[in-house]
*Asks:* 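Quick one: this structure, given as structure tokens, is what I'll be asking you about.
Since we're looking at a predicted model, the values are computed, not measured. Hydrogens, waters and symmetry mates are skipped; everything else that's a heavy atom, side chains included, is used.
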Amino acid sequence: QVQLVESGGGLVQAGGSLRLSCAASGRTSSRLNMGWFRQAPGKEREFVAAINWIGGSTYYSDSVKGRFTISRDNAKNTVYLQMNSLKPEDTAVYYCAADSRNNGQAMAGGTRPTYWGQGTQVTVSS
């Protein structure tokens, strides 16, 4: 089993920045493709960004491309989401996700990862 624990959410004004972190633990935590998803009230959960274990390729949704950056520290089994130029429409619960077989491209294409964190709230005020 894999456990994912997110941190770093909070309240920020439009135009501001936040950095989310997700620490993975468990038997395969060091060889996971990692991603971030979000769910706003009344909306479906949507893909935000992902990064592959092999090669470190990154993938982004069109709505965050150029503003958000996903990165990982394999030594710490941690993935980060740097969010800049935040907008009110970025308000959502952000979930860290991981999968040992499906890579970032698959996540971006709609494949749901196997493992999920509990979520962290991000609120952007106008």
*Asks:* Name the residue from V48, L81, T69 that meets the side chain to side chain contact (heavy atoms under 4.5 Å, CB included) definition with V64.
*Replies:*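 Output: one option passes, namely V48.
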
*Asks:* Starting from the C-alpha separation in whole Å, work towards a yes-or-no answer on side-chain contact (heavy atoms from CB on, under 4.5 Å) for W53 and M34.
*Replies:* CA-CA 7 Å; W53 155 248; M34 306 288 292; over 6 Å; no

*Asks:* State, without any angle test, whether T123 and Q121 hold a side-chain donor-acceptor pair at a distance under 3.5 Å.
*Replies:*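 Their side chains do contain a donor-acceptor pair, which is all the 3.5 Å distance test asks for.
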
*Asks:* If we ignore angles and hydrogens, is there a donor and acceptor under 3.5 Å between the side chains of T78 and D73?
*Replies:*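 Looking only at side-chain atoms, D73 and T78 do not form any donor-acceptor pair under 3.5 Å.
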
*Asks:* Quick one: do the E44 and Q39 side chains pair a donor with an acceptor below 3.5 Å?
*Replies:*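 The criterion, which ignores hydrogens and geometry beyond distance, is not satisfied for Q39 and E44.
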
*Asks:* Does N103 form a side-chain contact (heavy atoms from CB on, under 4.5 Å) with T111? I'd like the steps, not just the answer.
*Replies:* CA-CA 9 Å; N103 63 13; T111 299; over 6 Å; no

*Asks:* Closer than 3.5 angstrom, by distance alone: can the side chain of T91 be matched with the main-chain N or O of V124 as a donor-acceptor pair?
*Replies:*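 Such a contact is found between T91 side chain and V124 backbone.
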
*Asks:* Which atom names give the shortest non-hydrogen contact between V122 and M83, and what distance separates them?
*Replies:*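 Looks like CG2-CE, 3.9 Å.
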
*Asks:* Do you reckon W116 sits in the same ILVMFWY cluster as M107, going by side-chain contacts under 4.5 Å, direct or chained?
*Replies:*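 Yes, because W116 and M107 connect within a single hydrophobic cluster, where side-chain heavy atoms sit under 4.5 Å apart.
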
*Asks:* Looking only at heavy atoms, which two atoms of A24 and L4 are closest? And how far apart?
*Replies:*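 So the minimum-distance heavy-atom pair works out to CB-CD2, 3.6 Å.
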
*Asks:* Please find the pair of heavy atoms, one from A40 and one from A92, that lie closest to each other, and give the distance.
*Replies:*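 That would be N-CB, 3.8 Å.
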
*Asks:* State whether D90 and R67 are salt-bridged, where the test is any N-O pair (Lys NZ or Arg NE/NH1/NH2 against Asp/Glu carboxylate O) under 4.0 Å.
*Replies:*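 Judged by the 4.0 Å cut-off on N to carboxylate O distance, D90 and R67 do form a salt bridge.
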
*Asks:* Please name the pair of heavy atoms, one in G8 and one in L18, separated by the smallest distance, quoted to 0.1 Å.
*Replies:*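 Closest heavy-atom pair between G8 and L18: O-CD2, 3.9 Å.
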
*Asks:* Which residue pairs pass the disulfide bond (SG atoms under 2.5 Å apart) test when at least one of the two sits in residues 74-125, sequence neighbours left out?
*Replies:*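 Sorted pair list: C22-C96.
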
*Asks:* Is it true that, when you exclude Q105 itself, more than 12 heavy atoms of the residues, nucleotides or ligands shown sit nearer than 6.0 Å to its CD?
*Replies:*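 Open.
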
*Asks:* Taking salt bridge (Lys or Arg N to Asp or Glu O under 4.0 Å) as the test, write out the residues that go with R45, two or more places apart.
*Replies:*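 So R45 forms no salt bridge (Lys or Arg N to Asp or Glu O under 4.0 Å) with any residue.
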
*Asks:* Any donor and acceptor pair, going by atom type alone, linking the side chain of Y59 with main-chain N or O of G35 inside 3.5 Å?
*Replies:*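 Such a contact is absent between Y59 side chain and G35 backbone.
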
*Asks:* Looking at OG1 of T114 and CZ of R101, how far apart are the two atoms once the value is rounded to the nearest 0.5 Å?
*Replies:*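 Output value for this atom pair is 7.0 Å.
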
*Asks:* Tell me whether V12 is reachable from V93 by hopping between hydrophobic residues (I, L, V, M, F, W, Y) whose side-chain heavy atoms are closer than 4.5 Å.
*Replies:*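 V93 and V12: separate clusters.
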
*Asks:* Considering residues at least two apart in sequence or located in another chain, which fulfil the side chain to side chain donor-acceptor pair (under 3.5 Å) criterion with N84?
*Replies:*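 N84: side chain to side chain donor-acceptor pair (under 3.5 Å) contacts with S17, Q82.
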
*Asks:* Is the F68 to W36 ring centre distance short of 6.0 Å?
*Replies:*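 No.
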
*Asks:* What residues form a salt bridge (Lys or Arg N to Asp or Glu O under 4.0 Å) with E46, not counting sequence neighbours?
*Replies:*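 Once residues adjacent in sequence are excluded, the partners of E46 under the salt bridge (Lys or Arg N to Asp or Glu O under 4.0 Å) criterion are R38.
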
*Asks:* Under the side-chain contact (heavy atoms from CB on, under 4.5 Å) rule, what do Q118 and E6 come out as? Steps first, then yes or no, please.
*Replies:* CA-CA 7 Å; Q118 81 286 354; E6 302 104 330; 2.7 Å; yes

*Asks:* Please step through side-chain contact (heavy atoms from CB on, under 4.5 Å) for the pair I70 and Y60, ending with a clear verdict.
*Replies:* CA-CA 9 Å; I70 188 170; Y60 297 94; 3.5 Å; yes

*Asks:* Can you run down the ring pair (Phe, Tyr, Trp, His ring centres under 6.0 Å) pairs that involve residues 1-28, sequence neighbours left out, and say none if there aren't any?
*Replies:*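 Output for this query is empty, none listed.
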
*Asks:* Taking the six-membered ring for Trp, are F37 and Y95 closer than 6.0 Å centroid to centroid?
*Replies:*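 Centroid distance F37-Y95: not below 6.0 Å, so no.
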
*Asks:* If the condition is salt bridge (Lys or Arg N to Asp or Glu O under 4.0 Å), which residues does K65 pass it with, not counting sequence neighbours?
*Replies:*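 K65 satisfies salt bridge (Lys or Arg N to Asp or Glu O under 4.0 Å) with D62 once adjacent residues are dropped.
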
*Asks:* Looking at A14 and P88, what are the two nearest heavy atoms and their distance?
*Replies:*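 Shortest heavy-atom separation between A14 and P88 comes out as CB-CD, 4.1 Å.
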
*Asks:* Do Y80 and L20 come close enough that some side-chain heavy atom pair is under 4.5 Å?
*Replies:*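 Heavy-atom side-chain distance check fails, nothing below 4.5 Å.
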
*Asks:* Between N74 (side chain) and N77 (backbone), is there a donor-acceptor pair under 3.5 Å?
*Replies:*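 No: the side chain of N74 does not pair with the backbone of N77.
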
*Asks:* Is the side chain of N52 donor-acceptor paired with the backbone N or O of G104 at a distance under 3.5 Å, no angle test?
*Replies:*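 A pair under 3.5 Å: yes.
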
*Asks:* What's the separation between atom CD1 in I51 and atom OG in S57, rounded to the nearest 0.5 Å?
*Replies:*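 Rounded to the nearest 0.5 Å, the CD1-OG separation comes to 8.5 Å.
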
